[in-house]
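Read the structure below first, then the notes.
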Amino acid sequence: MASDGVGSVEMRAALLRLRRATGLPVAFGGLVESGGRHMRISELSGTATGALRALAVSSGNGLGGKTLALSRPCAVTDYSVSRQISHEYDVAVETEGLRSVLAVPVVVRRRMRGVLYGALRSAQPLGDRMLGAAVAAARDVEQALVVREEAHALLAAAGAADVGQESGAGAAAWEQVREAHAELRALAPRVADPALRTELLAACARLATAATRPRERGAAVVPGAGASNASSAGPGGRGAPWPPRGAPVSLAPREIDVLACVATGATNATAADHLGVRPETVKGYLRSAMRKLGAHTRLEAVVAARRAGLLP
């Protein structure tokens, strides 16, 4: 999978937010490695040296290791002389010139996934405001990792659905294709990693054109994908012909998102909840899509979008 490291984009963004919110000059962090007993510092922000890069932190050791073991935020006012932690990593911390340091856990579905640090180069107490901002940054990473996991699961489901339709599966398999397509469309805007987002949208495109492939091979009509083929009449049998299958139709990304939800039977309210917008916004996108597609009803819009290769 094309990506510059699992969670690295999310971690970098969280470190920048942590520094902006707290005013702390230095932030760094990393994700837990396989087995859950160690984490490796992979992302640095505001550091003056590379002393902390790739530092492996064991559970229970140092400040980060204490956070890893306890799954709760920890802080020290003067790292090198603190009696609250062990001192396996003093050389790296002193090389970077850090004194006051906080560490907060990244926990996803009750499993430790990483640690975020913030630090000062002077020895002074780190107040509740700074700790709260660090915890909020960790929550952002947690949500981003959840989205990433959902994305991988949906990509797997999309792959299975794609294989199913290639093998000539029936209506149930096509519903799976359409559901996977709608989920991927809704999730893609929430993904921070541009490489993963591109992969999600590419999967959407593969699924959206799935309905055309059996026809190109001379196969039978896929269930529900081309009911309009029984007649050359356009929407509602009004006499105007349907646009040719695959004809270029320009819809905004959100208009396609809404139609993908509608194609699964979602109401405006359900689609709004799924996409994180208001029902009125969904209604507006739907009206716009219908106008561009020359459709008079929701069903006509879905059928027209399928003919244009925008939906599976």
Side-chain angles (χ1 to χ4, degrees), residues 1-59 61-69 71-76 79 85 88-108 111-121 126 130-149 151-152 190-198:
M1 176 169 296
S3 177
D4 62 346
V6 176
S8 60
V9 172
E10 293 88 347
M11 185 67 72
R12 283 197 295 270
L15 295 180
L16 289 174
R17 286 194 293 272
L18 189 156
R19 291 181 62 197
R20 283 198 298 266
T22 63
L24 292 172
V26 180
F28 50 99
L31 297 179
V32 173
E33 296 185 332
S34 163
R37 298 292 299 170
H38 307 275
M39 59 85 62
R40 189 173 298 276
I41 296 174
S42 59
E43 302 300 327
L44 310 176
S45 181
T47 51
T49 74
L52 298 169
R53 185 174 297 280
L55 183 67
V57 178
S58 299
S59 178
N61 293 346
L63 182 67
K66 183 177 180 179
T67 293
L68 191 59
S71 297
R72 63 174 176 80
C74 300
V76 294
Y79 192 100
I85 59 172
E88 292 81 0
Y89 313 113
D90 281 9
V91 172
V93 172
E94 290 172 5
T95 299
E96 182 58 40
L98 304 180
R99 303 286 296 279
S100 296
V101 186
L102 58 80
V104 295
V106 175
V107 182
V108 177
R111 184 162 62 96
M112 275 292 300
R113 294 293 303 276
V115 177
L116 293 185
Y117 299 81
L120 290 169
R121 300 186 188 280
L126 297 169
M130 289 188 181
L131 194 60
V135 169
R139 296 299 87 80
D140 289 343
V141 177
E142 292 167 2
Q143 290 301 313
L145 291 176
V146 168
V147 168
R148 178 182 285 275
E149 290 179 357
H152 288 308
R190 298 165 52 200
V191 174
D193 186 339
L196 180 56
R197 185 166 59 247
T198 297

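Residue numbers count from 1 along this sequence.
- Distance CD/Glu88 to OG/Ser58: 8.0 Å, rounded to 0.5 Å.
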Pair Leu116-Met11, side-chain contact (heavy atoms from CB on, under 4.5 Å): steps then yes or no
CA-CA 8 Å; Leu116 293 185; Met11 185 67 72; 2.9 Å; yes
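- Distance check, rounded to the nearest 0.5 Å: CD of Glu33 to CE of Met39 gives 9.0 Å.
- In this structure the side chain of Val104 never reaches within 4.5 angstrom of the side chain of Thr67, judged on heavy atoms.
- Among pairs with a residue in residues 21-58, those fulfilling ring pair (Phe, Tyr, Trp, His ring centres under 6.0 Å) read Phe28-Tyr117, at least two apart in sequence or across chains.
- Crowding of Arg37 atom CZ: a count of heavy atoms from other residues, nucleotides or ligands under 6.0 Å not exceeding 12.
- Contact between Ala103 and Gly64 at its shortest, heavy atoms only, is CB-CA, 4.4 Å.
- Residue Lys66 comes nearest to Arg72 through the heavy atom pair CE-NH2, 4.5 Å, listed as atom of the first residue, atom of the second, then distance.
- Proximity of Leu98 to Val26: side-chain heavy atoms (C-beta onward) are separated by under 4.5 Å at one or more points.
- Between the CZ atom of Arg53 and the OG atom of Ser42 there is a distance of 8.5 Å, given to the nearest 0.5 Å.
- For the pair Ala138 and Pro105, the tightest heavy-atom approach, listed with the atom from each and the gap, is CB-O, 3.4 Å.
- The two residues Ala134 and Thr22 make their nearest non-hydrogen contact at N-CG2, 4.5 Å.
- The side-chain heavy atoms of Leu126 and Leu24, taken from C-beta on, include a pair separated by under 4.5 Å.
- Here the side chain of Arg19 pairs no donor or acceptor atom with the backbone of Gly118 at under 3.5 angstrom.
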Val115 vs Val57, test: side-chain contact (heavy atoms from CB on, under 4.5 Å). Steps then yes/no.
CA-CA 10 Å; Val115 177; Val57 178; over 6 Å; no
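- A distance-only check finds a donor-acceptor pair linking the side chain of Glu142 to the backbone of Val107 [under 3.5 Å].
- Across every non-hydrogen atom of Val135 and Pro73, the tightest pair is CG2-CG, 3.9 Å.
- In this structure, CG in Leu55 is found 4.5 Å from CD1 in Ile41, a value given to the nearest 0.5 Å.
- In this structure, Arg20 and Leu16 have side chains that are in contact, with non-hydrogen atoms separated by less than 4.5 Å.
- Remark: Tyr89 OH to Asn61 CG distance equals 4.0 Å, nearest 0.5 Å.
- With values rounded to the nearest 0.5 angstrom, Leu120 atom CG is found 8.5 Å from Leu102 atom CG.
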